**Student:** 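Mind looking over this structure? Questions follow.
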Amino acid sequence: EDPALRELAELEREGCLQDIQHFRQKILDLLIPEEEADLSDLVLEVTAGVGGQEAMLFTAEVFDMYQSYAQHHGWSFDILEHMTSEIGGLRHASASISGPQSYKRMKFEAGVHRVQRVPKTEKQGRMHTSTMTVAVLPQPTEISFTINPKDLRIDTKRASGAGGQHVNTTDSAVRIVHLPTGVVAECQQERSQLKNREKAMKALRAKLYSMKLEEETSIRYNQRKIQV
């Protein structure tokens, strides 16, 4: 009946609801097991799947969404590869993302993503299903994961696609092959061959580090299977 007491109760209720939400998130964070790579930055890769041009348009939208998400969190978003389609879609793209908890927040985005909608390219109004894939690779530091330069073959070539006269007339594109594994990384985003080489190395390091983590996880799983 007392208006002042009611107001105090409402304020206390609001504070309790906020505390509940905070502790709920904290419990969820504690339930998710920590990984060695959780403090790493990451390399994000998106690739169009089934669905032709519509799948490429969907891939471009998802890539732009991740770029906006990174900007929202104050992370750096450095594009490594960006292969567009004829109507503005995206065949394949990759980016290096750096910032606090970037890999921890992004790692569960990996996998196949699907959209069902009437495409812009559809003239009869029929619903289509399109897919694209996302790969999230932890990006190690040069100190934590080193690569023997003798294991690399580095090729240069002229960049293809849009980019202006300078890009297409100089050997600025870089392709790096890790000879023991056959893993390849390429970059032609920058005018400078040196910058493209740095970006390609960043992508290659992430791919090899991800393979190493998967191998270690597989060994631990097999050891546990033997013991249990």
Side-chain angles (χ1 to χ4, degrees), residues 37 40-50 52-53 55-56 59-60 62-64 66-67 70 75-98 102-103 106-107 109-110 112 132-216:
S40 302
D41 297 328
L42 66 113
V43 169
L44 171 76
E45 293 185 348
V46 298
T47 306
V50 177
Q53 291 289 348
M56 296 179 198
T59 304
V62 172
F63 191 68
D64 289 344
Y66 287 134
Q67 187 168 11
W75 302 336
S76 69
F77 191 94
D78 188 16
I79 296 175
L80 305 177
E81 294 176 274
H82 199 267
M83 299 170 59
T84 55
S85 69
E86 295 80 9
I87 61 172
L90 204 54
R91 299 176 187 275
H92 174 78
S94 64
S96 170
I97 302 177
S98 303
S102 54
Y103 178 75
M106 290 285 295
K107 62 183 178 180
E109 291 295 310
V112 179
M132 55 84 64
T133 58
V134 175
V136 180
L137 310 175
Q139 184 176 294
T141 62
E142 291 186 34
I143 297 171
S144 64
F145 184 74
T146 57
I147 300 172
N148 189 343
K150 294 179 181 178
D151 291 338
L152 302 178
R153 189 181 77 234
I154 302 175
D155 303 319
T156 57
K157 60 180 180 178
R158 291 185 180 181
S160 58
Q165 185 178 359
H166 177 82
V167 170
N168 294 310
T169 56
T170 61
D171 293 338
S172 57
V174 175
R175 183 175 188 267
I176 304 177
V177 182
H178 186 247
L179 299 174
T181 61
V183 174
V184 178
E186 298 184 39
C187 185
Q188 60 175 27
Q189 286 300 113
E190 304 291 340
R191 286 187 170 192
S192 164
Q193 185 187 114
L194 182 61
K195 288 183 179 178
N196 281 333
R197 179 170 173 167
E198 288 174 358
K199 288 188 174 186
M201 274 300 298
K202 191 178 285 187
L204 181 70
R205 188 177 288 109
K207 290 179 180 181
L208 293 175
Y209 185 59
S210 182
M211 287 174 61
K212 175 176 175 266
L213 291 179
E214 286 179 13
E215 185 180 337
E216 289 175 353

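In this text the structure is predicted, and so the values were computed from the model without any measurement.
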**Student:** Given Gln139, which partner from the list Leu44, Ile97, Asp41 fulfils the side-chain contact (heavy atoms from CB on, under 4.5 Å) test?
**Tutor:**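 Exactly one candidate clears the test, Asp41.
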
**Student:** Kindly give the heavy-atom pair with the smallest separation between Lys202 and Val43, and that separation in Å.
**Tutor:**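 Scanning both residues completely, I find the closest heavy atoms to be O-CG2, 4.2 Å.
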
**Student:** Given 3.5 Å as the limit, does a donor-acceptor pair link the side chain of Asn196 with the main chain of Glu190, or not?
**Tutor:** yes

**Student:** How long is the gap from OG1 on Thr181 to CD1 on Ile147, to the nearest 0.5 Å?
**Tutor:**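 So the OG1 of Thr181 and the CD1 of Ile147 are separated by 9.0 Å.
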
**Student:** Calculate, to the nearest 0.5 Å, the distance between atoms CG and CG belonging to Leu204 and Leu80 respectively.
**Tutor:**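 Going from the CG atom of Leu204 to the CG atom of Leu80 covers 11.5 Å.
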
**Student:** Taking atom NE2 of His178 and atom CG of Leu152, what is their separation to the nearest 0.5 Å?
**Tutor:** 6.0 Å

**Student:** For residues Ala48 and Thr59, report the shortest heavy-atom separation together with the two atoms involved.
**Tutor:**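 So the minimum-distance heavy-atom pair works out to CA-OG1, 3.3 Å.
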
**Student:** Which pair of non-hydrogen atoms, one from Lys150 and one from Leu179, has the smallest distance, and what is that distance?
**Tutor:** O-CD1, 4.4 Å

**Student:** What heavy-atom pair brings Tyr209 and Ser40 nearest, and what distance separates the two atoms?
**Tutor:**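 For Tyr209 versus Ser40, the nearest heavy atoms are CE2-OG, 4.5 Å.
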
**Student:** Give a yes or no on whether the backbone of Glu81 and the side-chain of Lys199 come within a donor-acceptor separation of less than 3.5 Å.
**Tutor:** no

**Student:** How close do Ala173 and Gln188 get, counting heavy atoms only, and between which atoms?
**Tutor:** CB-CB, 3.6 Å

**Student:** Let me confirm one number: the OH-CG distance from Tyr66 to Leu42, rounded to the nearest 0.5 Å.
**Tutor:**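 Interatomic distance, Tyr66 OH to Leu42 CG, rounded to 0.5 Å: 10.5 Å.
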
**Student:** Which value, rounded to the nearest 0.5 Å, describes the distance between Ser96 atom OG and Glu198 atom CD?
**Tutor:**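 Those atoms lie 11.5 Å apart.
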
**Student:** Between Leu90, Val112, Val62, which is the residue that forms a side-chain contact (heavy atoms from CB on, under 4.5 Å) with Met132?
**Tutor:**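 Single side-chain contact (heavy atoms from CB on, under 4.5 Å) partner of Met132 among Leu90, Val112, Val62: Val62.
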
**Student:** Should the pair Asp155-Lys157 be classified as a salt bridge under the 4.0 Å nitrogen-to-oxygen rule?
**Tutor:**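 Salt bridge between Asp155 and Lys157, a charged N being under 4.0 Å from a carboxylate O: no.
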
**Student:** Supply the atom-to-atom distance Met56 CE to Gln53 CD, rounded to the nearest 0.5 angstrom.
**Tutor:**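 If we round to the nearest 0.5 Å, Met56:CE and Gln53:CD are 5.0 Å apart.
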
**Student:** Looking at Val184 and Lys207, what are the two nearest heavy atoms and their distance?
**Tutor:** O-NZ, 2.8 Å

**Student:** With the side chain counted from C-beta on, respond yes when Cys187 and Val174 share a heavy-atom pair under 4.5 Å apart, and no when they do not.
**Tutor:**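 No, too far: nothing below the 4.5 Å cut-off.
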
**Student:** Among all residues two or more places apart in sequence or in another chain, which pass the ring pair (Phe, Tyr, Trp, His ring centres under 6.0 Å) test with His82?
**Tutor:**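 Partners of His82 under the ring pair (Phe, Tyr, Trp, His ring centres under 6.0 Å) test: Phe63.
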
**Student:** Within the structure provided, determine whether Arg197 and Gln193 are in side-chain contact (heavy-atom separation under 4.5 Å).
**Tutor:**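 Counting from C-beta outward, Arg197 and Gln193 never come under 4.5 Å.
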
**Student:** Side chain of Ser210, backbone of Ala206: donor and acceptor closer than 3.5 Å?
**Tutor:** no

